[in-house]
Number of protein chains: 2
Amino acid sequence: MSNQNMSVPALRRLPLYYRCVIALKEEGKKFISCTDIGSRLELVPIQVRKDLQAAGATGRPKVGYEVDELETVLKEMLGYGKPTDAFIVGMGNLGQALTAHKEFERCGLEIVAAFDTSPLKIGRDYFGKRVFPLNKLVNLAQRMNIKMGIITTPAKSAQDIADIMVEAGIKGIWNFTPVHLNVPDDVYVHNENFMSSLSVLINRIS
Amino acid sequence: MSNQNMSVPALRRLPLYYRCVIALKEEGKKFISCTDIGSRLELVPIQVRKDLQAAGATGRPKVGYEVDELETVLKEMLGYGKPTDAFIVGMGNLGQALTAHKEFERCGLEIVAAFDTSPLKIGRDYFGKRVFPLNKLVNLAQRMNIKMGIITTPAKSAQDIADIMVEAGIKGIWNFTPVHLNVPDDVYVHNENFMSSLSVLINRIS
DNA sequence: CTTTAATTGATATTTTATTATCTATTTACA
DNA sequence: TGTAAATAGATAATAAAATATCAATTAAAG
């Protein structure tokens, strides 16, 4: 199924290609070349070709890739076909923003439940998602076979939440806090560290 | 001042070291080694040492780095001392979440004004930041000498906003939309593409 | 029917980032 | 005072990613 030996940088570029393909499809294009995609995304054609090759797409010389086929291949590789169910913990501003985010549903992610410790939030619905107390997480995750968790709590609770997620059998954690999480080897953590991005930006403009 | 020839991966790790240093300082530690930092962050000591070296820190054999000095060096390199003023455009859920984010102020970023097109939002305050109409951006940015812009609008308006920011003289754009932005060479765009992160997560758990 | 231009696919090269090795230094302890 | 252990700092090696080169293929134009 999903190619595990694809490099992280390449994998991160696939959604860009997907968006590009959808846009071109809407423009009525039937075929598309690496050069086309590259010029739209400011990437060199060779890189696009290598990435598409790794994703399993095949094209025809002089013509390029068939748009419909490319869409299918990318969709498959990105898991857009069968969405992954996820829990989100921390219904602060960021948690709410992610829960409201429409694009996730079109892109392989279904946030099925939210968790918080605040009695003001528990039992409420945010954008159609019910908020549960934290102590229900393990049980619900196991019953619903949840494999992905999103952490949008304050930094100080992040490790505790991660521990709970690990106990619940979650295998992928999307960590929006700036703390390093300690988890077993079979759990993959992706850190969305805004501070890291900020460092680069500040460095580049000064 | 800020070292332009530091690699992006290394630069992205600096905030992690900074957090670690602050934590150790609070624990009362006076000196800290690469091994210590590495074991806390699950990084190999050599990598930590090289990064700190690039940041300009110097340590003593057998002892490590002085915590206070390390804090100063990292703070300087990260620009935490003199915060960068920024404008944010798009006061939807994500825009509000970022505006509310307390940590930015402690980490070199000051969001000084917000912009939106919705009459319901213009004139209001969100977390102490006034929302202005979009057509005020260029003028305000020039008067306030704003060099950083954050885009949290819907995807379809992103390029338009980027064009306005470029016109306003903004040199660094933090793009939270999934679209590729076309800007002149002297403007640096950092893409915070949630879809890219999602690809990696979905790929790794399946 | 032949030539030309564009493009893929495969392989090779270069660049960048990470990791290892080795030496010098410093502290702690016998 | 001497020795062992830990560590920084410098240099070297390795691994990973990006980019270039080249041959094969195909469609279109002459």
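When reading the values below, keep in mind they use all heavy atoms of this one structure, side chains included, and skip hydrogens, waters and symmetry mates. Order of the sequence lines fixes the chain letters, A, B, ..., with proteins taken first and strands second; residue numbering starts at 1 for each chain. Given the structure is predicted, the values throughout are model-derived calculations rather than measurements.
Protein atom CD1 of B:Ile37 is 12 Å distant from nucleotide atom P of D:dT7, rounded to whole Å. Rounded to whole Å, the distance from CZ on A:Arg60 to C1' on D:dA24 is 15 Å. Protein atom CD1 of A:Ile32 is 14 Å distant from nucleotide atom C1' of C:dT8, rounded to whole Å. With rounding to whole Å, B:Leu11 atom CG is found 12 Å from C:dT18 atom P. Whole-Å rounding puts the B:Lys62 NZ to C:dT26 P distance at 13 Å. Between the OH atom of A:Tyr65 and the C1' atom of D:dT26 there is a distance of 15 Å, given to the nearest Å. One interatomic measurement links the two molecules: CD of B:Glu66 to P of C:dT26, which rounds to 15 Å at whole-angstrom precision. In this entry the distance linking CG of B:Leu43 with P of C:dA17 reads 16 Å, nearest Å.
Less than 4.0 Å separates DNA chain C from no heavy atom of any residue of residues 180-198 of chain A.
Taking 4.0 Å as the cut-off between side-chain N and carboxylate O, B:Glu103 and B:Arg19 count as a salt-bridged pair. The residues B:Lys147 and B:Glu110 are annotated as not salt-bridged, no charged nitrogen and carboxylate oxygen being separated by less than 4.0 angstrom. B:Glu71 and B:Lys25 are joined by a salt bridge, as a carboxylate oxygen and a charged side-chain nitrogen come within less than 4.0 angstrom of each other. Ionic pairing of B:Lys129 and B:Glu105 is present here: one or more N-O contacts between side-chain nitrogen and carboxylate oxygen are shorter than 4.0 angstrom. Ion pair A:Glu192/B:Arg12 not flagged as a salt bridge, since none of the NZ, NE, NH1 or NH2 atoms sits closer than 4.0 Å to an Asp/Glu carboxylate oxygen.
Distance from the side chain of A:Thr35 is smallest for C:dT7 among the nucleotides C:dT7, C:dT26, D:dG9. Side-chain proximity of B:Val63 to the nucleotides C:dT8, C:dT27, C:dG9 is greatest for C:dT27. The B:Ser33 side chain lies nearest to D:dA8 when the options are D:dA27, D:dA8, C:dT27.
The stretch residues 81-116 of chain B participates, sequence neighbours left out, in these ring pair (Phe, Tyr, Trp, His ring centres under 6.0 Å) pairs: B:Phe87-B:Phe115, B:His101-B:Phe104, B:Phe104-B:Trp174, B:Phe115-B:Phe132.
Remark: side-chain polar atoms of A:Ser157 are not paired, donor with acceptor, to backbone N or O of A:Thr153 under 3.5 angstrom. Proximity of a side-chain donor or acceptor of A:Asn93 to a complementary backbone N or O of A:Ala97 within less than 3.5 Å is not detected.
Taking the six-membered ring wherever Trp is involved, the centroid distance between the rings of A:Phe176 and B:Phe194 falls below 6.0 Å.
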| request: Would you give a per-nucleotide map of nucleotides 10-23 of chain D, 5' to 3', where B means the base has a protein non-hydrogen atom under 4.0 Å away, S means only the sugar-phosphate does, and - means neither? | output: S------SBBB---

